[in-house]
Amino acid sequence: MLFEEGMAKRKITRPKERKTKLQEAFGKAVRAKRIEKELSQESLADLAGLHFTYVSSVERGERNISLENMAKLARALECQISDFTVDLL
């Protein structure tokens, strides 16, 4: 998709087009922990104080998640933030 600003054109990318390998790996780790705890995305979102669509987009690797939200997810899943990052590096 292109956006015109006068004579200049630049490509507009959507969040799902900007996801990185790191974001995808983090999202997979969150999803694995959520499934291990037998929680739905909606239940996890409620426990973490986040919106269920946000949790879904994190799991798909479409969010560059903040440390604050990592901590909320970790608390809700009764784990440490490091549990999401063990296999990332």
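Heavy atoms only: backbone and side chains are in, while hydrogens, waters and symmetry mates are out. This one's a predicted model, so the numbers in the text were calculated from it and none came from an experiment.
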Looking at Glu24, I'd like to know if its CD atom is crowded, meaning that more than 12 non-hydrogen atoms belonging to other residues, nucleotides or ligands lie closer than 6.0 Å. yes
Please collect all side chain to side chain donor-acceptor pair (under 3.5 Å) contacts where either partner lies in residues 36-47, sequence neighbours excluded, each pair once. Ser40-Ser43, Gln41-Glu59
Roughly how far, to the nearest 0.5 Å, is the CG atom of Asn64 from the CZ atom of Phe26? 10.5 Å
Report the distance from atom CG of Leu67 to atom CD1 of Ile81, rounding to the nearest 0.5 Å. 6.0 Å
Identify the two heavy atoms, one from Arg63 and one from Ser57, that lie closest to each other, and give their separation to 0.1 Å. NE-OG, 2.9 Å
Kindly say whether Gln80 contributes a backbone atom to a donor-acceptor pair with the side chain of Asp83 at under 3.5 angstrom? yes
Once rounded to the nearest 0.5 Å, what's the spacing between atom CG of Leu77 and atom CG of Leu44? 4.5 Å
Could you give the distance from CG (Leu22) to CD1 (Ile65), rounded to the nearest 0.5 Å? 11.5 Å
Mind checking the NZ-CZ spacing from Lys28 to Arg60? Nearest 0.5 Å is all I need. 14.0 Å
Let me check something: do Leu50 and Phe52 share a hydrophobic cluster, defined by ILVMFWY side-chain heavy atoms less than 4.5 Å apart, either directly or through other members? no
Measure the NZ-OH distance between Lys72 and Tyr54 for me, rounded to the nearest 0.5 Å. 8.5 Å
Quick check against the 3.5 Å criterion: does Arg34 have a side-chain atom that pairs as donor or acceptor with the backbone of Leu39? yes
At their closest point, which heavy atom of Ala45 faces which heavy atom of His51, and how far apart are they? CB-C, 3.8 Å
Shortest non-hydrogen pair, Ala29 vs Phe84, comes out as CB-O, 3.4 Å
